[in-house]
Participant: 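Structure incoming, see below.
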Amino acid sequence: MEKPNITIFSPDDIYSYGAMTIAGILENKGYKTQLSRKLILSEAQNSNFVGFSLSSTLHLTGKIKSLITELKKSGKFIVIGGPISISPQFIFNCIPEVDVVVIGEGEDTVLDLVDTWLNSKDLENVDGIAFKSNGKTVITKRREPADISEKPLPKIPEDIGSQSIRGASVYIETHRGCAANCSFCLIPKLFGTKIRTRLLNSLVTEVRAFKKAGAKKIAIGTGNVALYGCQQGVKIEEEKVIQMLKAISKVTGPQNLAAPDLRIDMIPDSIVEAILKYTYGLIIFGIESGSNKILKKMRKGIRVEKIKETINRVRKYNGKLKVDGAFIVGYPGESEEDFNMTKELVEELVLSDYTVSITEPIPGTELCNEILNLPLEKNPVFAKDGTRLGKKHDLSIAERRAFELILSAALSRIFPIYVDDILTSEYLKFSQRQGEEIRTMTKLIKRFYAFR
């Protein structure tokens, strides 16, 4: 039988790295694929096999849900993959029209799936998927983690240079897995706790391909740059990390390479100096909270004292290094005292920039399971705030804390932001929009989520 055309949709107007990777693997085996970041029916008109690379619970609503419904009416075979695939029953409950969910890593599974669909359609023989049969969900044998040391080049769209993800055209993958065990994070559940590292030659070849295709800036987006090359546990292989940064930087130039994501407790001076030398000098620490109680509940593996120690250690690079911090508010069990500790820490650290997020329940995480069992009236994202500020703007506790922390962060940067009425309004709307999105997610999860 002639090989089919395949369309892979990527949401949020961004070509996700996962979608590009799967398309590249399929093309390497002779399948004609099309990547689309436009969620419209006509993009898949010449394909009978249609995939979606989805990373957020919100992707199971709105435009994508409507598009899948229309595609199914046209007789398309619908497959969903990506981080949300860890709970296939949840996906089927949200969008019954989906034919198959590729669970976890899809490199090996998708080739097996396409070949089976094309020939025998006996899906039970495909490891690593879930599908519906006679109204019931069938989950096949778990597939072993993929060997990512060497892999085909991703399919790189001609307009890759037009997209910007935190300033980069693309975030590439240098390794998989994380030995940490943060209760809100899906990475160790999805990719495991053992670190699998890509060979440097394969990685550099991929970077060259992205640059040739027009990618302007390239970032490393694997959760923790310092884990590259780890063989056992979380022992940092400093020389391997430095060699990796140096090799990629030779292709991109330091001004076009970012390696931002690092842990507070995994950043020796040698790696800081390599980031300064081989990238444009951005580090983003996931600090999350200024309360040791909440950090412990998050299972971050760090304490406030360690946060301050690390920030003070890297201050000697001020003027050359941009150090940002990411914070989470509205975590279950977070008291007003805990929040005030976070606010005080933000004001004390005086970083280059801050990211403030409201707690997001991601299916498959311990946090999500806790929120499932938490009455809405006790969830800070739903509970109305009783402060003067909260009452004035009809905010939930989490929304008010996000708004307040964003305001404090703007004034606590190395170069403070002048916050006028217009910017204050934008910060307020941003906090409210986050709150509304998290409430939508939570309601969807409480309605449709099923434990695996």
Side-chain angles (χ1 to χ4, degrees), residues 17 145 148-149 166 168 170-182 184-200 202-204 206-207 218-250 252 254 257-288 295 298-303 305-317 320-327 349 351-352 355:
Y17 183 80
I148 66 164
S149 57
R166 291 198 300 183
V170 63
Y171 272 68
I172 62 171
E173 178 182 60
T174 60
H175 64 275
R176 277 187 199 165
C178 182
N181 194 28
C182 300
F184 56 83
C185 182
L186 191 61
I187 289 177
K189 304 291 189 302
L190 195 65
F191 295 138
T193 56
K194 183 179 179 181
I195 309 304
R196 287 167 284 149
T197 298
R198 296 184 59 186
L199 293 176
L200 191 52
S202 173
L203 188 55
V204 170
E206 182 177 299
V207 172
I218 291 175
I220 294 168
T222 44
N224 182 1
V225 175
L227 288 177
Y228 179 81
C230 283
Q231 296 297 318
Q232 295 179 344
V234 292
K235 182 180 180 298
I236 301 174
E237 298 287 346
E238 296 177 40
E239 286 303 315
K240 290 182 180 179
V241 177
I242 294 167
Q243 289 171 10
M244 179 266 291
L245 293 173
K246 180 179 180 181
I248 296 177
S249 184
K250 280 185 177 179
T252 63
L257 176 63
D261 297 316
L262 285 150
R263 276 182 61 97
I264 282 286
D265 56 347
M266 296 184 71
I267 183 165
D269 285 343
S270 61
I271 291 181
V272 179
E273 289 163 6
I275 287 172
L276 275 170
K277 186 174 183 179
Y278 300 121
T279 80
Y280 56 78
L282 169 65
I283 289 177
I284 303 174
F285 288 125
I287 297 172
E288 323 306 1
L295 289 171
M298 291 176 171
R299 295 208 301 268
K300 278 292 294 184
I302 58 174
R303 292 179 60 83
E305 295 78 11
K306 183 65 176 179
I307 294 168
K308 293 179 180 180
E309 175 193 317
T310 300
I311 297 299
N312 286 331
R313 179 163 56 85
V314 301
R315 284 199 192 283
K316 60 186 176 183
Y317 303 105
K320 298 179 181 178
L321 189 66
K322 186 176 184 288
V323 181
D324 296 356
F327 292 82
L349 293 180
L351 302 177
S352 297
T355 301

Participant: Do the non-hydrogen side-chain atoms of T310 and I302 ever get within less than 4.5 Å of each other?
Facilitator: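 T310 vs I302: side chains apart.
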Participant: Mind checking the CD-CG spacing from E273 to L245? Nearest 0.5 Å is all I need.
Facilitator: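 One gets 12.5 Å once the value is rounded to the nearest 0.5 Å.
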Participant: Could you go step by step and tell me if Y280 and K322 meet the side chain to side chain contact (heavy atoms under 4.5 Å, CB included) rule?
Facilitator: CA-CA 9 Å; Y280 56 78; K322 186 176 184 288; over 6 Å; no
Participant: Apply side chain to side chain contact (heavy atoms under 4.5 Å, CB included) to residues Y228 and I271 and explain how you reach the verdict.
Facilitator: CA-CA 12 Å; Y228 179 81; I271 291 181; over 6 Å; no
Participant: Where do C185 and K189 come nearest, in terms of heavy atoms and distance?
Facilitator: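 Result for this residue pair: O-CG, 4.3 Å.
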Participant: Looking at A247 and V204, what are the two nearest heavy atoms and their distance?
Facilitator: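 Residues A247 and V204, closest heavy atoms: CB-CG2, 3.8 Å.
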Participant: Please tell me if the side chains of L203 and I172 come closer than 4.5 Å, counting only heavy atoms from C-beta onward.
Facilitator: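 Contact flag for L203/I172 side chains = yes.
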Participant: Taking all heavy atoms of Q243 and all of L200, pick out the closest pair and write down the distance.
Facilitator: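 Shortest heavy-atom contact: O-CD2, 4.1 Å.
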Participant: Would you name the heavy atoms of C178 and P188 that are closest together and state the gap between them?
Facilitator: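 Taking every non-hydrogen atom into account, O-CB, 3.6 Å.
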Participant: Any non-hydrogen side-chain atom of V207 less than 4.5 Å from a side-chain atom of T252?
Facilitator: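 The answer is yes; the side chains approach within 4.5 Å.
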Participant: Once rounded to the nearest 0.5 Å, what's the spacing between atom CD of E238 and atom CE of M266?
Facilitator: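 Output value for this atom pair is 10.0 Å.
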Participant: Under 4.5 Å between any side-chain heavy atoms of K277 and I242, yes or no?
Facilitator: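 Answer no - side chains too far apart.
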Participant: Let me see the working for L227 and R263 under side chain to side chain contact (heavy atoms under 4.5 Å, CB included), right down to the final yes or no.
Facilitator: CA-CA 10 Å; L227 288 177; R263 276 182 61 97; over 6 Å; no
Participant: How close do G177 and I195 get, heavy atom to heavy atom, and via which atoms?
Facilitator: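 Reported closest heavy-atom pair: O-CD1, 3.4 Å.
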Participant: Are the side chains of K300 and F184 in touch, meaning some heavy atoms are under 4.5 Å apart?
Facilitator: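 Yes, their side chains come closer than 4.5 Å.
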Participant: So, D261 and R166, do they make that salt bridge, N to O below 4.0 Å?
Facilitator: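 A salt bridge links D261 with R166.
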Participant: Are the side chain of T355 and the backbone of A326 linked by a donor-acceptor contact shorter than 3.5 Å?
Facilitator: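 Side chain of T355 to backbone of A326: no pair is present.
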Participant: How many angstroms lie between atom CG of D324 and atom CG of L349, to the nearest 0.5 angstrom?
Facilitator: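 Between atom CG of D324 and atom CG of L349 there are 12.0 Å.
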Participant: Give, for atom CE of M298 and atom SG of C182, the distance between the pair rounded to the nearest 0.5 Å.
Facilitator: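 Between M298 CE and C182 SG, I get 9.0 Å after rounding to 0.5 Å.
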Participant: How far does CD1 of I283 sit from CD1 of I267, to the nearest 0.5 angstrom?
Facilitator: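 I283 CD1 to I267 CD1: 3.5 Å, rounded to 0.5 Å.
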Participant: Taking C-beta and beyond as the side chain, do F285 and I311 meet within less than 4.5 Å on heavy atoms?
Facilitator: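 Yes, their side chains come closer than 4.5 Å.
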Participant: For residues I248 and L257, report the shortest heavy-atom separation together with the two atoms involved.
Facilitator: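 Closest approach of I248 to L257: CG2-CD1, 3.7 Å.
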Participant: Just checking K194: does its NZ atom have more than 12 heavy atoms from other residues, nucleotides or ligands closer to it than 6.0 angstrom?
Facilitator: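 No.
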Participant: Between Y278 and M244, does a side chain to side chain contact (heavy atoms under 4.5 Å, CB included) hold up when you go through it step by step?
Facilitator: CA-CA 10 Å; Y278 300 121; M244 179 266 291; over 6 Å; no
Participant: Return the CG to CD1 distance between L321 and I275, rounded to the nearest 0.5 Å.
Facilitator: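 So the CG of L321 and the CD1 of I275 are separated by 7.5 Å.
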Participant: Would you say K246 and V241 make side-chain contact, with heavy atoms under 4.5 Å?
Facilitator: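 No - every pair of side-chain heavy atoms lies 4.5 Å or more apart.
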Participant: Do the non-hydrogen side-chain atoms of P145 and R176 ever get within less than 4.5 Å of each other?
Facilitator: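 No, too far: nothing below the 4.5 Å cut-off.
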Participant: Could you tell me whether a side-chain N or O of T197 sits under 3.5 Å from a main-chain N or O of H175, the two making a donor and an acceptor?
Facilitator: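 Judged by distance alone, no pair lies under 3.5 Å.
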